[in-house]
Structure formats: structure tokens, C-alpha cells
Amino acid sequence: MDLAAQIEAILFWQAAPTTVADLARSFAQSEAEIIQGLETLSARLVDRGLTLVRTGDAVMLGTVPAAGTLIERLTKEELARDLGRAGLETLTVVLYRGEVSRAEIDYIRGVNSSFILRNLLVRGLVDKIPNPTDSRSFLYRPTFELLGWLGVRELTNLPDYERVKTELTSLVSPP
Amino acid sequence: MDLAAQIEAILFWQAAPTTVADLARSFAQSEAEIIQGLETLSARLVDRGLTLVRTGDAVMLGTVPAAGTLIERLTKEELARDLGRAGLETLTVVLYRGEVSRAEIDYIRGVNSSFILRNLLVRGLVDKIPNPTDSRSFLYRPTFELLGWLGVRELTNLPDYERVKTELTSLVSPP
Amino acid sequence: MVVDIFAVKVGEFEGPLEVLLELVEARELGINQVSLAAVADSFLEYLRKLPGSRRSDGQAGMAILGNFVVVASTLILIKSVSLLPTLAVTDEEQGEISDLERRLKLYQVVKDTLPLLKAALAETPIFYRDPRARVLNPVFSPTAEITLPGVQVTMQRLLRDLPQLEVLPEKTVKRLVSIEQVIGDLTRRIQSALTMSFSDFVKDKREKVNVIVSFLALLELFKQGLVTVIQSEHFAEIRIETKDSKTPRYG
């Protein structure tokens with residue numbers, strides 16, 4: 001069994017976001033080799049029922065969107081397509097900025113976002129990590145769950161990703 | 001996408017043994033067609049990390065036996081790792097609430113707890129029982145072993161039990 | 001149920017940038033100082049009507065109103081400068097003006113992206129395996145962190161961090177407290193600049209003077225009737241209240 005197949009088995013068993021670093025440690029391989037293995041796996045999954053989803057440096061196995069209609073019917077789980085405008089605005093900022101502080105979200109939206117952020121955290125659509133430049137605050141970032149609901153395998157597949165990201169970034173930190 | 005790929009997606013997501021009859025119903029196909037699809041899927045899974053496991057007339061997706069040693073080692077490592085803040089928080093909520101749904105844990109913690117709950121389940125610190133008010137979800141409760149470890153005979157012996165219970169109840173179910 | 005109370009608190013409010021952008025876009029204008037000056041009156045008018053209809057929204061409504069007032073004060077500044085280019089503007093004020101422009105452009109990018117995101121959410125999702133679905137043979141494996149004192153401290157922290165009623169951010173409070181003063185100062189500055197350069201205006205069309213007079217009237221209205229900020233004691237909670245609207249008397 002080659003590395004790609006072994007990675008597939010581990011990702012299936014974990015059923016949780018797994019970083020490239022974690023995989024490298026588990027297999028005692030370099031991160032480059034793991035990335036190579038992930039690419040092989042990804043290529044193998046073309047036309048299959050499963051797909052590899054990536055956020056930042058983590059990966060997770062998911063079902064292909066084409067199989068989603070049936071599962072959607074079976075789960076009866078509705079995302080909150082009732083996210084509302086506040087939710088959608090906040091998700092847009094988090095998705096296209098990647099990792100973003102609450103201060104920046106508030107600045108862009110012009111209103112306090114603490115309640116909507118808590119709501120999105122509870123729903124598992126965003127998660128928070130300590131802010132490396134300010135230990136008292138957090139950075140918010142998209143989760144696999146969110147990418148799943150959007151049916152995209154990685155952030156770069158979001159609609160108009162490059163344009164929107166560039167516009168937001170240049171306005172947030174002007175040259 | 002063909003039937004075999006769709007079956008793969010469903011089995012992946014179900015994470016439980018599923019009968020051919022169930023699959024036939026879900027896909028509105030004959031059992032013969034489902035069996036054909038399962039054979040195609042089985043052939044495709046050769047040399048991959050996943051395999052089709054059959055028990056009686058039920059099938060499920062599992063990891064290949066060759067990955068067993070690795071998974072065993074990773075499980076041991078996972079069990080030896082510290083719970084961390086997220087784990088302690090979740091465990092604390094389960095202890096003070098006694099029997100609690102994931103939605104309520106998420107609300108009290110202000111973040112989603114799916115992944116950390118799995119960790120607590122694997123460690124035998126909490127177990128889950130069907131939710132009497134919602135058949136699609138579960139309630140989580142502390143295990144006897146956990147109470148033994150903490151040296152409390154009953155939950156009411158937890159520190160500040162009455163005060164915490166009152167505060168949580170007033171917050172969780174508003175007047 | 002838990003989730004329901006939460007939804008109410010999150011509630012839907014139109015934010016100030018959303019309103020301002022709608023005003024600018026309704027006139028098919030780009031985002032710049034000129035267009036902001038052009039919609040300042042409409043924005044103040046919107047704000048004047050806002051509190052009455054939202055009085056029942058309590059604390060959250062107050063916080064929203066606070067955000068509106070902050071944007072309004074910058075718009076008043078922009079409008080004043082546009083009416084009287086000779087009006088002296090400090091660097092800080094100029095900074096506030098460019099900042100509002102920039103935020104509005106940012107908000108526009110976000111707003112234009114919403115339909116794309118909505119469309120993506122309507123697509124079929126990717127599903128994952130539920131990590132809790134199949135946990136086989138759990139082995140009781142406690143760790144040294146799990147102690148009664150640890151559990152007690154953790155619960156205290158959780159209770160402390162439960163969502164509280166919205167508290168206005170300090171910066172907003174500072175600006176709210178001084179909003180009347182800001183308007184008062186500006187009104188005086190505009191009036192003196194107007195006296196000083198009145199001859200310039202006479203050369204211009206007569207309407208311009210009318211515009212300035214009516215804008216001053218609007219400011220006056222704002223000052224007298226729109227918003228009262230109440231702080232019962234130092235560090236106490238700030239409350240913004242609306243007075244019943246009375247028709248101001250202007251000669």
C-alpha cells in the first residue's frame with residue numbers, strides 16, 4: 001500500500017481536520033512527501049464519490065458535491081440558509097480574508113460583530129485561533145464545515161476569489 | 001457520476017452498516033443494480049486505503065487491514081495526549097449538566113464541539129445515549145469511570161454544584 | 001430553546017454603512033467626498049427617523065444607533081467642508097473623512113460578493129463523516145488535568161464568558177459623549193466662516209446660501225431633538241435616548 005492510500009485510510013479514520021504536519025509526524029515522512037501523497041490521492045479521487053477538501057494547511061475527506069443531493073435528503077439537515085445578512089457579510093469577510101480579527105470584521109461591517117461571530121462559531125462555520133500578534137484576541141477563519149456548505153474544495157475555488165481577495169486586502173491595508 | 005461513486009459517498013457519510021435493501025430504497029434502484037454498483041466500487045477500491053466491509057447483507061466502508069497497525073499506534077498517541085482547554089471545557093459542561101445535547105454544549109462554550117466530543121468518547125470520559133426528545137441526536141453524560149477518577153459519588157458533589165446549576169439553567173432556559 | 005434566544009439577540013439590523021451605501025448607489029454615484037456630501041442630508045434624515053421605530057430593540061438597538069451617530073458625525077464634517085471649502089479641518093478630521101470613504105468601499109466589495117456567496121450556498125454541499133458516529137471500544141484514559149479544582153475553575157470561566165448584553169466599545173462611547181459638542185463646535189465654525197467669506201457667496205448663486213442655511217437648520221435639529229446621551233455616573237452604562245420629535249422653530 002503506497003503513501004497516498006495510507007493517507008486516505010488515516011483521513012477516513014480521523015474524520016477530522018488533519019494538518020500536513022500531523023500527517024508528516026504520523027508517517028515519519030517529510031511534509032513535501034506528504035504533500036506529494038495528497039496530490040496523488042486527490043488525482044485518484046477524480047470521478048469517485050469522495051474528494052479531498054483543504055483549508056490553510058489542513059485536509060479532510062468529504063463526499064463529492066454531485067453526491068450531495070441524496071445525502072441532503074437523507075440528513076434533513078438544513079444549513080441555516082437563514083444565515084441572514086449579518087451572517088453572510090461576516091462569512092464573506094472571513095472567507096475572502098482567510099484569517100481575520102474581530103476588530104477588522106467590525107471595521108468592514110460598521111457594526112459590532114460579536115454576537116454573529118459567536119453564532120457562527122457555535123454552528124461550526126468559523127473557528128478561532130489565538131492571534132499571533134496579540135495574545136488577548138483571536139483570529140477567525142473558515143472551517144471545513146463552511147467550505148462543505150459552499151461545495152468548494154478549497155478557498156481559491158470561491159466565486160471571484162482572486163479579485164475579491166485583492167480588493168479587500170488593498171483597502172484594508174492601503175499601500 | 002455513476003452509481004458506484006454515489007454508493008461510495010453514501011457509505012462514507014453513513015459511517016454505519018447499511019443493507020442492500022436500504023441502498024436500493026435510497027437510490028430508487030433494484031437490489032440487483034445496487035449489488036452491481038457495490039461490485040464496481042469494490043473493484044475500484046483495490047490498492048486504496050478504504051475497503052468495502054460486508055457483514056451478512058449489510059455493507060460499510062472501512063479502512064484496509066494494512067492500515068490497522070498505524071491506526072492502533074495513532075489511537076494510543078491520541079489517548080496519551082493532554083485534553084487541552086477545549087476538552088476540559090466540554091467535559092466540565094457534561095459534568096455539571098449531567099445529560100446534555102451537543103447544541104447546548106456548543107451554546108455554553110460558544111464554539112462547536114463535534115470533534116472534541118469524539119475525543120472524549122474515545123477516552124471513555126463521556127458516553128452518549130439517544131436523545132428522548134429528538135431521535136436524530138444524542139445526549140452526552142459522564143461515565144462512571146470519570147466520576148470514580150474525580151472521586152465524586154454523585155454529580156451533586158461537584159464543587160459549587162447548586163450555584164452553577166442555577167446559573168446555567170437560568171441562562172439556558174430564559175424566564 | 002437555547003438556539004432560539006440566540007437568534008433573537010443576533011437579530012437583523014441595517015448597519016450605517018449599508019444605509020449610506022444604499023443612498024450613494026441610489027444616486028448612481030461613486031464613493032468619494034463629493035458623493036458623501038451629497039447624501040449627508042438624507043443620511044441624517046434617515047437617522048432622525050430611525051430611533052423612534054426601534055425604541056423597543058433595547059440595548060442592541062442602542063448599540064446600532066451608536067454606530068449610526070459615529071458615521072453621521074463624519075458626514076456632517078464632510079458636508080460642512082463641501083459647503084465651505086475655507087473651513088479649517090484638522091489632520092485627524094481629514095483622517096476620519098478618508099477612513100469613512102475607505103470603509104464604504106470595503107463594504108461595497110463585501111456587499112457585491114453576497115449574491116455570489118448565496119448562490120454557492122444554494123449548491124449541493126460536501127458532506128463529512130460525523131466524527132462521533134462510530135467510536136469503537138472506548139478505553140478509559142483519564143489525564144492528570146482532570147481534577148475537581150480544574151473542573152471548578154473551568155466552569156467559573158465558562159460562566160463568566162457567557163454572552164452578555166452588548167456593551168458599547170470605548171471608542172464609540174467617547175465619540176458619542178461628545179457628539180453634541182462636535183456639532184456645536186462645527187456650527188460655530190461654519191457660522192464664522194460664513195460671515196468671513198460671505199462676500200464670496202454673494203457672487204455665487206443665491207441657492208448656495210440657502211443650502212447652507214438649511215443644513216445649519218438640520219444640524220440644529222440634530223442638536224436639539226435627535227439624540228440624548230445619558231451617563232448617570234462615571235463608567236456607568238451609556239444610554240442613548242431619543243426625545244419626542246418636536247418641530248423646531250426657525251425664523
Side-chain angles (χ1 to χ4, degrees), chain B residues 9 12-16 60-61 75 78-85 87-89 91-93 95-96 101-104 106-110 114-115 117-128 138 140 143 145-146 148-152 157-160 163-164 167-168 171-174, chain C residues 1-12 56-61 63 117 120-167 169 237:
Chain B
F12 170 86
W13 168 79
Q14 291 256 9
M60 82 182 262
L61 215 49
T75 307
E78 189 182 335
L79 293 180
R81 218 171 292 141
D82 271 355
L83 272 186
R85 180 178 165 140
L88 266 184
E89 276 183 14
L91 197 62
T92 299
V93 175
L95 278 165
Y96 280 91
S101 68
R102 196 198 85 198
E104 204 175 302
D106 291 349
Y107 175 74
I108 293 170
R109 292 189 57 220
S114 318
F115 297 120
L117 271 169
R118 177 215 150 131
N119 195 320
L120 299 181
L121 286 166
V122 171
R123 290 169 189 253
L125 298 171
V126 306
D127 60 12
K128 62 176 185 178
F138 295 95
Y140 297 86
T143 58
E145 290 91 338
L146 174 62
W149 170 266
L150 285 170
V152 294
N157 297 339
L158 288 167
D160 303 336
R163 187 177 60 75
V164 170
E167 270 191 63
L168 279 181
L171 281 156
V172 170
S173 39
Chain C
M1 216 224 101
V2 198
V3 181
D4 294 342
I5 359 170
F6 201 47
V8 175
K9 279 186 187 159
V10 170
E12 284 299 288
S56 56
D57 293 332
Q59 197 81 20
L117 203 65
L121 281 172
E123 296 289 319
T124 333
I126 292 171
F127 289 94
Y128 304 98
R129 282 178 86 218
D130 186 333
R132 298 159 301 157
R134 254 182 107 70
V135 173
L136 298 168
N137 315 320
V139 182
F140 181 62
S141 324
T143 62
E145 314 146 275
I146 308 173
T147 63
L148 278 184
V151 162
Q152 185 176 20
V153 169
T154 303
M155 182 44 81
Q156 281 162 358
R157 194 185 61 229
L158 283 171
L159 287 172
R160 195 192 60 216
D161 292 347
L162 273 163
Q164 306 293 320
L165 285 176
E166 193 103 355
V167 176
E237 207 172 87

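To find a chain, count down the sequence lines: A is the first, B the second, and so on, and within it residues start at 1. Being a predicted model, the structure only gives us computed values, none of them experimental.
Contacts of B:V93 with chain C are made by both backbone and side-chain atoms, with heavy-atom separations under 4.5 Å. For B:L83, the parts sitting under 4.5 Å from any heavy atom of chain C are the backbone and the side chain alike. Residue contact with chain C, scored on non-hydrogen atoms closer than 4.5 Å, involves the backbone of B:R81 exclusively. Both the backbone and the side chain of B:L150 come within contact range of chain C, judged by heavy atoms closer than 4.5 Å.
Taking both residues in full, the closest heavy atoms of B:W13 and C:F127 are given as CD1-CB, 3.7 Å, listed atom of the first, atom of the second, then distance. Residue C:V151 comes nearest to B:Y96 through the heavy atom pair CG1-CE1, 3.5 Å, listed as atom of the first residue, atom of the second, then distance. The two residues B:W149 and C:F140 have their closest heavy-atom pair at CB-CZ, 3.8 Å. Here the shortest heavy-atom pairing between C:E145 and B:L88 reads O-CD2, 4.0 Å.
Rounding to the nearest 0.5 angstrom, the gap separating the CG atom in B:L95 from the CE atom in C:M155 is 8.5 Å. Going from atom CG of C:L159 over to atom OG1 of B:T92 covers 10.5 Å, rounded to the nearest 0.5 Å. Atom CG of residue B:L125 and atom OG1 of residue C:T143 lie 7.5 Å apart, to the nearest 0.5 angstrom. In this structure, CG on B:L91 lies 9.0 Å from OG1 on C:T154, to the nearest 0.5 angstrom. Atom CD in B:E167 sits 12.5 Å away from atom CZ in C:R160 (nearest 0.5 Å). The distance from atom CG of B:L61 to atom CZ of C:R129, rounded to the nearest 0.5 Å, is 7.5 Å.
Considering only heavy-atom pairs separated by less than 4.5 Å from chain C, the leading option among B:A80, B:A9, B:G84 is B:G84.
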Requested in this report: Tell me, with the steps shown, if C:I146 and B:L146 meet side-chain contact (heavy atoms from CB on, under 4.5 Å).
Outcome: CA-CA 9 Å; C:I146 308 173; B:L146 174 62; 3.9 Å; yes
